[in-house]
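Numbers here simply count residues along the sequence, with the first being 1. What you are looking at is a predicted structure, and each value in this text was computed from that prediction instead of being measured.
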Amino acid sequence: MNTLSAHTASVQHSGMPARGWLLDARCAMSLRPRARSRLHIIQGRAWVTLGQAHESAGNESGDLVLAAGESLVVPAGARVVMEPWQSDAAPLRFDWCAEPEARSREQAERFGREVVTPSRELGVALGQAGLALVRLVRGLFGYSVSAAS
């Protein structure tokens with residue numbers, strides 16, 4: 001049984017395709033990136049152990065619990081072990097990419113949100129204004145012709 005698989009074609013309840021990787025319940029995964037990378041939790045909660053030089057105070061061990069929407073930057077060469085937070089919960093869906101790739105995705109999303117969407121809205125508004133102007137001119141022309149008769 002394949003415990004890690006890319007499900008890009010499956011459809012969620014919203015009708016949007018699911019993105020990212022899926023880690024089944026009661027399974028763990030170990031990653032060691034060659035380049036600085038980002039782990040982003042899309043669905044579920046993950047128990048993540050980041051194995052790197054101890055830099056924190058006290059008894060902090062590097063164990064983290066990440067919920068949906070949270071990310072963790074993983075330094076190059078660090079070992080990451082992750083698994084779904086609860087074994088009886090739904091599978092964990094996550095995205096993993098090198099940091100430059102993550103930045104380019106964020107920039108593309110920002111460009112879409114701040115430039116593409118407003119330009120589409122402006123196009124729709126200008127189209128509606130154009131139609132309203134045509135209807136106004138037609139109405140005025142029809143009014144002037146009937147008033148002259």
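Linking Ile, Leu, Val, Met, Phe, Trp and Tyr residues whenever their side-chain heavy atoms come within less than 4.5 Å places Trp21 and Leu66 in a single cluster. Under the 4.5 Å side-chain heavy-atom criterion for grouping Ile, Leu, Val, Met, Phe, Trp and Tyr, Val48 is connected to Met29 within one hydrophobic cluster. Under the 4.5 Å side-chain heavy-atom criterion for ILVMFWY residues, no single connected hydrophobic cluster contains both Val81 and Leu64.
Atom-to-atom distance recorded for Leu22:CG and Gln43:CD is 7.5 Å, nearest 0.5 angstrom. Note that CG of Leu92 and CG of Asp24 are 10.0 Å apart. Values are rounded to the nearest 0.5 Å. Separation of atoms CD (Glu121) and OG1 (Thr117) is listed at 6.5 Å; rounding is to 0.5 Å. Taking CZ of Arg79 as the reference point, atom CG of Leu31 lies at 9.5 Å (rounded to 0.5 Å). With values rounded to the nearest 0.5 angstrom, Asp95 atom CG is found 11.0 Å from Ser37 atom OG. With rounding to the nearest 0.5 Å, the separation of CZ in Phe94 from CD1 in Ile41 is 7.5 Å.
Annotation for Leu140: hydrophobic cluster partners, listed by chain and number, are Leu136 (ILVMFWY side-chain heavy atoms under 4.5 Å, direct or chained).
Summarising the geometry of Ala25 relative to Pro84, their closest heavy-atom pair is CA-CG, 3.9 Å, with the distance given to 0.1 Å. A pairwise comparison of heavy atoms in Glu70 and Val65 identifies OE1-O, 3.8 Å as the closest pair. When all heavy atoms of Leu23 and Glu83 are compared, the pair lying nearest together is CD2-CA, 4.0 Å. Closest approach of Trp85 to Trp47, counting heavy atoms only: CE3-CB, 3.8 Å. When every heavy atom of Gly69 is checked against every heavy atom of His40, the shortest pair comes out as O-CE1, 3.4 Å.
Without hydrogens or angle criteria, Arg32 side chain to Ala78 main chain gives no donor-acceptor distance under 3.5 Å.
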